[in-house]
2 protein chains.
Amino acid sequence: MDDLSQYLRQQASFKRNTAEELTFIKALKLRDVHLAAGKMIIEEGVTPTQLYTLMDGWAFRHQTLKNGNRQILNFLFPGDIIGLQQNLLDISNNNVQALTPVTLCELNRQQLWQLYEKHPALAYDITWLCAQEEKIVDDNLVNVGARNGLERVAMLLLHLYKRYKAIYPIPGKTIPFPLTQQEIADALGLSLAHTNKTLRKLEKLGLHSIDNNALTIYDEHMLASLADYYSTPIKPRPLLC
Amino acid sequence: MDDLSQYLRQQASFKRNTAEELTFIKALKLRDVHLAAGKMIIEEGVTPTQLYTLMDGWAFRHQTLKNGNRQILNFLFPGDIIGLQQNLLDISNNNVQALTPVTLCELNRQQLWQLYEKHPALAYDITWLCAQEEKIVDDNLVNVGARNGLERVAMLLLHLYKRYKAIYPIPGKTIPFPLTQQEIADALGLSLAHTNKTLRKLEKLGLHSIDNNALTIYDEHMLASLADYYSTPIKPRPLLC
DNA sequence: CGAGCCCTTGAATCCTGTCAAATGCAGTGG
DNA sequence: CCACTGCATTTGACAGGATTCAAGGGCTCG
């Protein structure tokens, strides 16, 4: 196991594995893949799709319609699995792209079936990760469909902040923040101009600030009440790498 | 195996199982549950959550914010599993409700773990169903976030039409349609009034009609191009009941 | 036949999108 | 070293799609 895997595993938000499971997981790993910011990890229409675990950096899954609108479905953090849906359903109608430089753990997708046969606990973990990702998409759908602009932005900032903190429990109110306003807009179903104005409004209210690719949350409570944020206690999650 | 299970299994859109798997699945079933239209199947905050397979009728999963807006996350058809996310993640922040009278196959959730240990193929199926449900939520998120009102309505009508036809391959252009306009609105993130006006507009264009809880699609091609509908060839799906 | 629910419409309002332009910053190359 | 380019951010004016508010009609059911 390399450094990144070791670091993540020791975090409270990740699950422990038995020695036997770790051995199998290790055998599952093909190689590390490093990609620069902006590179495609999974591209629409390209099959077969590889199976990865994101080990470092941020990524996002998105889809573009003929009308030119891009919808970002979810943001991916270390520990998230990439390409599961595409492998299982044998479809590939959306893209996964690196938002920052990323490190990926490429898994041997040929052995996915063996995993189900030999390690039911890991199979269960994969289903868990799938359900977890669905929950995040659920939350995003609620956000886009049932909140206004201001609430959406507040929710997104808080959501990303919480997820980052769960993986990197650093002190302070600031986290790295690689999103452009265009990406925020595409995640929230808002126009770029309106996203900008909304961000400025929140900032003038003293709730947050974004400088130098870093997000600082000044008033978490206020943001939470604005967004009607419901805290979801995240249980220790499995890590496949 | 009862009638409903038998009917679904013989449809092209459902997968075959081995005799051994069928025996195990049969043992997994606790009982049939019948609920009237409008009844809650899974209620927010109520734990533990049962695990069901929807065998007959329509249902929907939804969530309501403090601002009063309800977001419908997805509609459920026969074959869909209900309560998996809640059981796996141990959360229950959304509701599942019957849209028509429904028949549910209640599964023994205590044996879920045994299923993973003894029947990897079925475990794989469950993950598949989870990924499939995520895909539907993905599609809904794209719909709500990246399309305008007219496109959203066109997409929803077509989507429901296709899903219904996949399960009940009846001839003709008409399917039962139990949704109220309020439910359409809540699924699409639109207001009731605007949903109504948009439906009427599509109807005046001769693309569809809704009468007596039945939807007729007159111009599938036009609706598809309006909505930028991308057909997703659905592979035979597993059935757990 | 009244109550309740759903559908339908119109008018006014407002949130959000579109269009356009200016600013600042980082990287490039002359 | 400094134009020059490209990208992201910021703003304003304007248009338009969507919401809100309100009221009327149709239908079912007790």
Side-chain angles (χ1 to χ4, degrees), chain A residues 36-38 60 65 67-72 97 99-101 143-157 176-205 208-215 226-227, chain B residues 36-38 60 65 67-72 97 99-101 143-157 176-205 208-215 226-227:
Chain A
F60 65 110
L65 295 180
N67 67 16
N69 286 137
R70 174 177 72 165
Q71 180 63 38
I72 293 183
Q97 192 171 354
L99 200 57
T100 67
N143 203 21
V144 173
R147 289 190 179 89
N148 64 30
L150 202 67
E151 295 165 343
R152 285 185 218 182
V153 173
M155 184 68 185
L156 180 67
L157 295 181
F177 195 78
L179 308 204
T180 65
Q181 295 187 357
Q182 183 65 65
E183 282 148 358
I184 297 177
D186 289 347
L188 299 178
L190 298 172
S191 70
L192 174 59
H194 194 248
T195 299
N196 178 282
K197 287 165 190 165
T198 308
L199 277 167
R200 309 285 359 261
K201 192 181 288 185
L202 284 178
E203 196 166 348
K204 276 176 191 157
L205 288 172
H208 85 287
S209 72
I210 297 176
D211 295 297
N212 267 78
N213 297 322
L215 164 69
L226 217 176
Chain B
F60 65 111
L65 296 179
N67 67 17
N69 285 138
R70 174 177 72 165
Q71 180 62 40
I72 293 181
Q97 192 171 353
L99 200 57
T100 67
N143 203 22
V144 173
R147 290 190 177 91
N148 64 29
L150 203 67
E151 295 165 344
R152 287 185 216 181
V153 173
M155 184 67 184
L156 180 67
L157 295 181
F177 194 76
L179 308 205
T180 64
Q181 295 188 355
Q182 183 65 64
E183 282 148 358
I184 297 177
D186 289 346
L188 299 179
L190 297 172
S191 69
L192 173 59
H194 194 246
T195 299
N196 178 282
K197 287 164 191 165
T198 308
L199 278 167
R200 307 285 1 260
K201 191 181 289 183
L202 283 178
E203 195 165 350
K204 276 177 191 157
L205 287 173
H208 84 286
S209 71
I210 297 176
D211 295 297
N212 267 80
N213 297 322
L215 164 69
L226 216 176

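Since the structure is predicted, the reported quantities are computational estimates derived from the model, not experimental observations. Both backbone and side-chain heavy atoms feed into the values below; hydrogens, waters and symmetry mates do not. Throughout, a chain's letter reflects where its sequence line sits, starting with A, and its residues are numbered from 1.
Applying the salt bridge (Lys or Arg N to Asp or Glu O under 4.0 Å) definition to pairs two or more places apart or across chains, those involving residues 181-191 of chain A are A:Arg70-A:Asp186. Within the structure, salt bridge (Lys or Arg N to Asp or Glu O under 4.0 Å) contacts touching residues 191-204 of chain A (residues at least two apart or in different chains) are A:Arg200-A:Glu203. Among residue pairs with one or both ends in residues 187-196 of chain A, none qualify as salt bridge (Lys or Arg N to Asp or Glu O under 4.0 Å); sequence neighbours excluded.
The minimum heavy-atom distance between A:Ala227 and A:Ala154, with the atom names listed, is CB-CB, 4.0 Å. In this structure, B:Thr195 and B:Gln181 approach most closely via the heavy-atom pair CG2-O, 3.9 Å. Shortest non-hydrogen contact noted between A:Ser209 and A:Asp211 is OG-OD2, 3.7 Å. Nearest heavy-atom pair, A:Ile210 versus A:Phe177, reported as atom, atom and distance to 0.1 Å: CD1-CE2, 3.8 Å.
As a whole-Å value, the separation of A:Asn196 CG from C:dT18 C1' is 15 Å. Atoms CZ (A:Arg200) and P (C:dT16) sit 18 Å apart, rounded to a whole Å. A straight line from CG of B:Asn148 to P of C:dG17 spans 12 Å, rounded to a whole angstrom. Computed from coordinates, the A:Lys201 NZ to C:dC15 C1' distance equals 9 Å when rounded to whole Å. The CG atom of B:Asn212 sits 13 Å away from the C1' atom of C:dC7 (whole-angstrom rounding). Put simply, CG on A:Asn213 is 12 Å from C1' on C:dC25, counting in whole angstrom units.
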Are there any protein N/O atoms within less than 3.5 Å of an N/O atom in nucleotides 22-24 of chain C, and if so, which ones and at what distance?
none

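In this structure, the ring-ring contact (aromatic ring centres under 6.0 Å, His included) partners of A:Phe60, at least two apart in sequence or on a different chain, are A:His62. Among residues two or more places apart in sequence or in another chain, the side chain to side chain contact (heavy atoms under 4.5 Å, CB included) test is passed with A:Asn213 by none. The side-chain hydrogen bond (donor to acceptor under 3.5 Å, both in side chains) search around B:Asn143 returns B:Arg147, not counting sequence neighbours. For B:Asn67, the side chain to side chain contact (heavy atoms under 4.5 Å, CB included) criterion is met by A:Glu151, B:Leu65, B:Asn69, not counting sequence neighbours. Judged as a side-chain hydrogen bond (donor to acceptor under 3.5 Å, both in side chains), and not counting sequence neighbours, A:Thr100 has no contacts.
For A:Ile210 and A:Lys197, each mapped to the nucleotide of DNA chain D holding its nearest heavy atom, the one lying further toward the 5' end belongs to A:Ile210.
The stretch residues 186-195 of chain B touches DNA chain D through B:Gly189, B:Leu190, B:Ser191, B:Ala193, B:His194, each having a heavy atom under 4.0 angstrom from the strand.
The rotation axes computed at either terminus of the helix from C:dC1-D:dG30 to C:dG30-D:dC1 lie 30° apart, taking five pairs at each end and rounding to 10 degrees.
Put simply, B:Gln182 has no side-chain N or O that comes within less than 4.0 Å of OP1 or OP2 on C:dC6.
Of all nucleotides in DNA chain D, those with any atom nearer than 4.0 Å to a heavy atom of chain A start and finish, going 5' to 3', at D:dT9 to D:dA13.
Atom CD1 of residue A:Ile184 and atom CG of residue A:Leu192 lie 9.5 Å apart, to the nearest 0.5 angstrom.
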